Trainee: 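I am attaching a structure below and will ask some questions about it afterwards.
Just so it is clear, the structure is predicted and the values come from calculations on it, not from any experiment. We name chains A, B, ... by the order of the sequence lines, and we start the count at 1 in each one.
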Amino acid sequence: MLTRAPKGTRDILPAEIGRWQHVERLFAETCRRFGYAEIRVPTFEHTELFQRGVGDTTDIVQKEMYTFPDKAGRSLSLRPEGTAGVVRSYIENGMASLPAPVKLFYMLTAFRYENVQKGRYREFHQFGVEAFGAAGPEVDAEIIGLLAAFFRSLGLRQTSLRINSIGCPDCRTAYHGILRDYLEPRLEGLCRDCRNRFDRNPLRILDCKEERCRLATAGAPALLDHLDPPCRDHFDRLRDALSSLDIAYTIDKGIVRGLDYYTRTVFEFVSDHVGTQGTICGGGRYDGLVEACGGAPTPGMGFGLGVERLLMHLDAQGVPLPVNPGPDLYLAPAGDGARPAAARLAQGLRERGVSVETDLCGRSLKAQMKYAGKIGARRTVVLGDDELASGRVRIRDMATGAEEEAGLDELAGSDVLAALLVAP
RNA sequence: GUGGAAUUAGCUCAGUUGGUUAGAGCGCCAGAUUGUGGCUCUGGAGGUCACGGGUUCGAUUCCCGUAUUCCACCCCA
């Protein structure tokens, strides 16, 4: 063949589209019940949006973005996540003047130039929500509650919620000092990356997976223990809110998250199954992001959820997902004389809402019956000279083999139509 | 970006210690005489053995490179 799908991309084929549509419907419905409205934003944006919005120092922006000049010389980038574009749209469309909070959800594809593994692709699908204008922990808890409801309705089990607070810029500045004091005598023991991080972003050193860095930071003070009083209060009230929603969680002081914009609350839903791509969903609060992108100071909170990973973990847990059903009716013309009548009848039934298949390959009646069985047709009707002459047909139930007689003229009429539309 | 493994039909896999036309199961198409599917039987289509070089009289098989997939690191969804 000429070429294959590019590395890290995949086709979603008809055989699996039912699973995708199922989770999409369920997510959209859950969001609707929680008061979130769908928004669709561009696949690419000006590169500076992501540099500012995701963070210039992040791996995502530094190493993983699909950035290209367009023919007019603008630097554009395929979105590596959903939040930045939604924030841009919020500002650009004056949503600050809408009744607060502004609650949005999206289902989109994002792009990262990364090495491929299971559950990690270069083009991947993300669901997410963003809530603007609510500063308190109540919205944090509501969003986590939305996810809990979504997972429950899907039948997803064995995931755990981990939460942390990384404070506001003030407590982070203060904490950076405390952390540097602790790390300075241990600087020689750190890896080269982390020695660079020491000045720029010492918080990330705690996230380093290098053995020697983990040893050096094992006894380091945690940011969570050095929050200023307002951040501490926010975190404590989030815990109370989660408890009153009966949502179980564990505190994980190690959650830092790789995007620069987070403040205070950060959280992840992680599958308890083995496997390195265990994070299904991650998010948190980003109280400085709208302002950083040129809007008025506006608190925000949201998450991104990896759809491929969600489906992967549903599979791993054996959660059944629907496949697309076969047609309500297969209409089999017997003999060439019946073909125009069959096509006309199929058209009429389809316009009345029945899903009908009929022969397009000139097959024998026997072959048509085989085909009807293979595509999962619920019923079949044979249409030949006899039926056209008498105006009577037999409706065959493919599961039981039972046949029921009906008038041809009533087949498209309401009674038989109703029977066809009712699931067996 | 760094390591390791794999790649033979649409799918899951055999196989060739280097030698004529490369196999199976499933799937697909057709048939088993009258107008009825699932079971069974018969036949058929479908492969430059991932791609490109090298060694050789001869390479799907051996060697090198590349691509892709999977695994680990890293990162995250």
Side-chain angles (χ1 to χ4, degrees), chain A residues 1-10 13 15 54 58-64 79-83 107-128 147 191 193-194 204 207-211 213 255-259 262 266 268-271 274-283 302-313 326 330-335 337-338 359 361-388 393-403:
Chain A
M1 64 184 292
L2 178 64
T3 183
R4 325 167 34 133
K7 179 171 181 165
T9 67
R10 50 206 314 134
L13 300 172
V54 177
T58 60
D59 282 0
I60 291 173
V61 169
Q62 282 190 341
K63 313 195 292 207
E64 298 174 0
R79 59 185 170 214
E81 50 94 61
T83 301
M107 305 187 280
L108 49 75
T109 53
F111 306 85
R112 292 183 198 173
Y113 192 86
E114 285 195 280
N115 234 336
V116 177
Q117 271 182 55
K118 196 173 213 66
R120 205 174 83 179
Y121 307 103
R122 290 184 170 182
E123 178 186 36
F124 61 99
H125 293 73
Q126 210 173 56
F127 294 165
L147 279 164
C191 71
D193 283 347
C194 283
R204 299 291 296 279
D207 219 18
C208 187
K209 302 296 189 295
E210 290 266 339
E211 178 74 17
C213 298
I255 299 179
V256 175
R257 308 217 54 73
L259 291 74
Y262 286 108
V266 290
E268 291 177 350
F269 276 91
V270 182
S271 168
V274 289
T276 49
Q277 313 303 326
T279 303
I280 296 171
C281 167
F303 67 78
L305 178 150
V307 183
E308 285 84 355
R309 288 188 188 176
L310 176 66
L311 290 170
M312 202 170 87
H313 288 105
Y330 182 88
L331 191 55
D359 181 49
C361 293
R363 277 195 252 253
S364 70
L365 183 61
K366 193 185 181 90
Q368 290 190 63
M369 292 304 291
K370 258 188 197 174
Y371 175 73
K374 276 190 274 207
I375 63 174
R378 291 223 289 270
R379 297 179 174 78
T380 52
V381 163
V382 174
L383 198 64
D385 295 339
D386 295 350
E387 286 79 6
L388 289 171
V393 294
R394 281 171 296 156
I395 303 171
R396 181 185 181 87
D397 184 304
M398 292 297 272
T400 64
E403 294 194 335

Trainee: Would you say A/E64 and A/D59 make side-chain contact, with heavy atoms under 4.5 Å?
Mentor: yes
Trainee: Measuring only between side-chain heavy atoms, which start at C-beta, is A/K63 closer than 4.5 Å to A/Y113?
Mentor: no
Trainee: Students often get this wrong, so: under 4.0 angstrom with heavy atoms, is A/G128 touching a base, only sugar-phosphate, or nothing?
Mentor: nothing
Trainee: Nearest whole angstrom, please: distance from the P of B/U36 to the CD1 of A/I375.
Mentor: 19 Å
Trainee: Could you run down nucleotides 25-31 of chain B 5' to 3' and tag each one B, S or - for protein heavy-atom contact under 4.0 Å?
Mentor: ---SSSB
Trainee: Would you name the heavy atoms of A/Y121 and A/G8 that are closest together and state the gap between them?
Mentor: CB-O, 3.3 Å
Trainee: Could you check whether any side-chain heavy atom of A/K118 comes within less than 4.5 Å of a side-chain heavy atom of A/E308, counting everything from C-beta outward?
Mentor: no
Trainee: What is the nucleic acid contact for A/G283, judged by heavy atoms within less than 4.0 Å: base, sugar-phosphate only, or nothing?
Mentor: nothing
Trainee: Which value, in whole Å, describes the distance between the C1' atoms of nucleotides B/G3 and B/C49?
Mentor: 28 Å
Trainee: Return yes if some donor-acceptor pair links the side-chain N/O of A/Q368 with the main-chain N/O of A/P333 below 3.5 Å, else return no.
Mentor: yes
Trainee: Just to confirm, is there a sub-4.0 Å distance from OP1 or OP2 of B/A72 to any side-chain nitrogen or oxygen of A/Q117?
Mentor: yes
Trainee: Does the side chain of A/R309 come within less than 4.5 Å of A/F124's, by heavy atoms?
Mentor: no
Trainee: Does any part of the side chain of A/V381, heavy atoms only, come nearer than 4.5 Å to the side chain of A/E403, both counted from C-beta?
Mentor: no
Trainee: Provide the distance between the two P atoms, one in B/C51 and one in B/A30, to the nearest whole Å.
Mentor: 31 Å
Trainee: For A/A334 and A/V382, work out which heavy atoms get closest and say how close.
Mentor: CB-CG1, 4.0 Å
Trainee: So, do A/R363 and A/K370 sit near enough that their side-chain heavy atoms are less than 4.5 Å apart?
Mentor: no
Trainee: Expressed in whole Å, how much space separates the P atoms belonging to B/G31 and B/C71?
Mentor: 44 Å
Trainee: Enumerate the protein-to-nucleotides 50-53 of chain B contacts in which both atoms are nitrogen or oxygen and the separation is below 3.5 Å.
Mentor:
none

Trainee: In whole angstrom, give the distance that lies between atom NZ of A/K366 and atom P of B/G37.
Mentor: 5 Å
Trainee: Using a cut-off of 4.0 Å on non-hydrogen atoms, how would the nucleic acid contact of A/L310 be classed: base, sugar-phosphate, or nothing?
Mentor: nothing
Trainee: Minimum heavy-atom separation for A/Y262 to A/G282, with atom names?
Mentor: OH-O, 4.3 Å
Trainee: Given 3.5 Å as the limit, does a donor-acceptor pair link the side chain of A/R112 with the main chain of A/I60, or not?
Mentor: no
Trainee: Expressed as a whole number of Å, how far does the C1' atom of B/U61 sit from that of B/G15?
Mentor: 10 Å
Trainee: Do A/R120 and B/C74 have a side chain to base donor-acceptor pair shorter than 3.5 Å?
Mentor: yes
Trainee: When you measure from the side chain of A/R394 to the backbone N and O of A/A402, does any donor-acceptor pair fall under 3.5 Å?
Mentor: no
Trainee: With rounding to the closest Å, how many angstrom separate the P atoms on B/G53 and B/G58?
Mentor: 15 Å
Trainee: Report the residue (A/L305 or A/A372) whose heavy-atom-nearest nucleotide on RNA chain B is the more 5′ of the two.
Mentor: A/A372
Trainee: Taking atom C1' of B/C74 as reference, at what distance in whole Å does atom CD of A/Q62 sit?
Mentor: 14 Å
Trainee: In whole angstrom, what separates A/H313's NE2 from B/C76's C1'?
Mentor: 13 Å
Trainee: Check every atom of B/U36, B/C74, B/C76 against the side chain of A/T279 and return the nucleotide holding the closest atom.
Mentor: B/C76
Trainee: Between C1' on B/U69 and CZ on A/R10, what's the gap in Å once rounded to a whole number?
Mentor: 9 Å
Trainee: Consider the side chain of A/M398, meaning its heavy atoms from C-beta on, and name the nucleotide among B/C71, B/G35, B/G37 that approaches it most closely.
Mentor: B/G37
Trainee: Answer with base, sugar-phosphate or nothing: what part of the nucleic acid does A/V307 contact at a heavy-atom distance below 4.0 Å?
Mentor: nothing
Trainee: If you assign A/G384 and A/K7 each to the RNA chain B nucleotide with the nearest heavy atom, which residue ends up on the more 5' nucleotide?
Mentor: A/G384
Trainee: Just call it for A/E114: base, sugar-phosphate, or nothing, with non-hydrogen atoms closer than 4.0 Å on any strand.
Mentor: base
Trainee: For nucleotides B/G1 and B/C57, find the distance between their C1' atoms and express it as a whole number of Å.
Mentor: 45 Å
Trainee: Measure CG/A/N115 against P/B/C70 and give the value in whole Å, please.
Mentor: 11 Å
Trainee: Counting only side-chain heavy atoms from C-beta out, which of B/C75, B/C76, B/U2 sits nearest to A/D59?
Mentor: B/C75
Trainee: With sugar-phosphate meaning primed atoms plus P, OP1 and OP2, does A/G401 contact a base, only sugar-phosphate, or nothing at under 4.0 Å between heavy atoms?
Mentor: base
Trainee: Would you say the side chain of A/E387 and the base of B/G35 hold a donor-acceptor pair, judged only by whether the two atoms sit under 3.5 Å apart?
Mentor: yes
Trainee: Just to be sure I understand: a Watson-Crick pair is purine N1 to pyrimidine N3 plus N6-O4 or O6-N4, both under 3.5 Å. Using that and G-U wobbles, which stems of three or more pairs involve RNA chain B?
Mentor: B:1-7 with B:67-73, B:10-13 with B:23-26, B:28-32 with B:40-44, B:50-54 with B:62-66
Trainee: Rounded to whole angstrom units, what separation is found between the NZ atom of A/K63 and the P atom of B/C76?
Mentor: 9 Å
Trainee: For a quick check of understanding: with a heavy-atom distance under 4.0 Å over all strands, which category does A/E64 fall into, base, sugar-phosphate or nothing?
Mentor: sugar-phosphate
Trainee: With C1' as the reference atom in both, quote the distance from B/G23 to B/U60 in angstrom, rounded to an integer.
Mentor: 13 Å
Trainee: Can you check the distance between B/A32 and B/G25, where both ends of the measurement are the C1' atom (answer in whole Å)?
Mentor: 23 Å
Trainee: State the CG-CE distance between A/L305 and A/M107, to the nearest 0.5 angstrom.
Mentor: 12.0 Å
Trainee: Could you tell me how far apart A/R122 (CZ) and B/C76 (C1') are, to the nearest whole angstrom?
Mentor: 15 Å
Trainee: Heavy-atom distance under 4.5 Å between the side chains of A/I280 and A/M312, does that happen here?
Mentor: no
